[in-house]
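Small disclaimer: the values here were computed from a predicted structure and weren't measured.
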Amino acid sequence: MPRKFFRRFLPSHETVRSNRHIARLGPWLQHHNLWHLHRRSVAGGIAVGLFAGLIPGSNPVQFTAGALLAIAFRVNLPLAALVTLYSNPFTIVPLYIAAFMLGQFVMLQSGGQLPDFAFSLEGKGFGEWIPAALHWLTSVGKPLIVGLPLLALLLALIGYFATDWAWRLYVRCAWQRRRRLRALRAGRK
């Protein structure tokens, strides 16, 4: 993964250090891995962001969790916060269905589908809708509670190793390209 691409969008380490708001937070936000772009920091930031993106709650909760985990693990903080955006209103339903199915698989439960929600309650009163919704949530509860952290951990591991592999592949291809260019230049002389 090219550093030049990421450097266009991220602030420099000196800019971050000189920021008066960050300076107040002391050494927590001044660790160099939080802002530098190298293989482990970027892969770790992506893994943390993928994990934090499945924490139930809206984006501010996920951003905060991603930032706190990035500080704790000393990985790239901007990427960790940015990657949490993969869980959004368009992707959250498929992610939760996958988490539910993973939870069912781990708990050795049969029936790989979500229980049907009582859509026939449309037009009924609020007093009839709430008990039906609570009953549906309790039937989904255990597999979802087990599946969400497992899916988050699985996505984090896949994200870390895929980013690490892609970074290594990019570096290897860049070295081979440079070696070929040097051989061409040496052949012309």
Answer yes if Ile97 and Leu54 sit in the same cluster of Ile, Leu, Val, Met, Phe, Trp and Tyr residues linked by side chain heavy atoms under 4.5 Å apart, and no otherwise. yes

Identify, with sequence neighbours excluded, every residue that meets side chain to side chain contact (heavy atoms under 4.5 Å, CB included) alongside Phe105. none

Looking only at non-hydrogen atoms, find the nearest pair between Gly49 and Val83 and report the distance. C-CG1, 3.8 Å

Between atom CG of Leu144 and atom CD of Gln104, what is the distance when rounded to the nearest 0.5 Å? 10.5 Å

Hydrophobic clusters here meaning ILVMFWY residues chained together by side-chain heavy-atom distances under 4.5 Å, can you tell me if Leu102 and Leu50 are in one? yes

Nearest 0.5 Å, please: how far is OG1 in Thr163 from CG in Leu79? 9.0 Å

Spacing of CD1 belonging to Ile92 relative to CG belonging to Leu95, to within rounding of 0.5 Å: 5.5 Å

Enumerate donor-acceptor pairs with a distance under 3.5 Å from any side-chain N or O in residues 145-158 to protein atoms, sequence neighbours excluded.
none

Which other residues end up in the same hydrophobic cluster as Leu85, if Ile, Leu, Val, Met, Phe, Trp and Tyr are linked when side-chain heavy atoms come under 4.5 Å apart? Phe63, Leu82

Output all residues satisfying side chain to side chain contact (heavy atoms under 4.5 Å, CB included) with Arg178, sequence neighbours left out; order by chain, then residue number. Ala174, Trp175, Arg182

Using the side-chain hydrogen bond (donor to acceptor under 3.5 Å, both in side chains) rule, collect all pairs that involve residues 60-69, keeping only residues at least two apart or in two chains. Gln62-Ser87

Leu181: hydrophobic cluster co-members (side-chain, 4.5 Å): none

Are Tyr160 and Tyr86 grouped together when hydrophobic residues (ILVMFWY) are joined by side-chain heavy atoms under 4.5 angstrom apart? no

Taking C-beta and beyond as the side chain, do Arg40 and Val75 meet within less than 4.5 Å on heavy atoms? no

Count I, L, V, M, F, W, Y as connected when their side-chain heavy atoms are under 4.5 Å apart, and connections chain through other members. Are Val48 and Trp167 then in the same cluster? no

Value for CZ (Phe100) from CD (Gln109), rounded to nearest 0.5 Å, stands at 7.0 Å

Taking side chain to side chain donor-acceptor pair (under 3.5 Å) as the test, write out the residues that go with Thr84, two or more places apart. none

Tracing side-chain contacts under 4.5 Å among Ile, Leu, Val, Met, Phe, Trp and Tyr outward from Trp165 reaches Leu169

For Leu68, the hydrophobic cluster (side chain heavy atoms closer than 4.5 Å, chained through members) also holds none

Scanning both residues in full, the closest heavy-atom pair of Ala80 with Gly66 reads CB-O, 3.8 Å

Using 0.5 Å steps for rounding, measure from the CG atom of Leu34 to the CZ atom of Phe73. 13.0 Å

Do Val171 and Ile46 share a hydrophobic cluster (ILVMFWY, side-chain heavy atoms under 4.5 Å, transitive)? yes

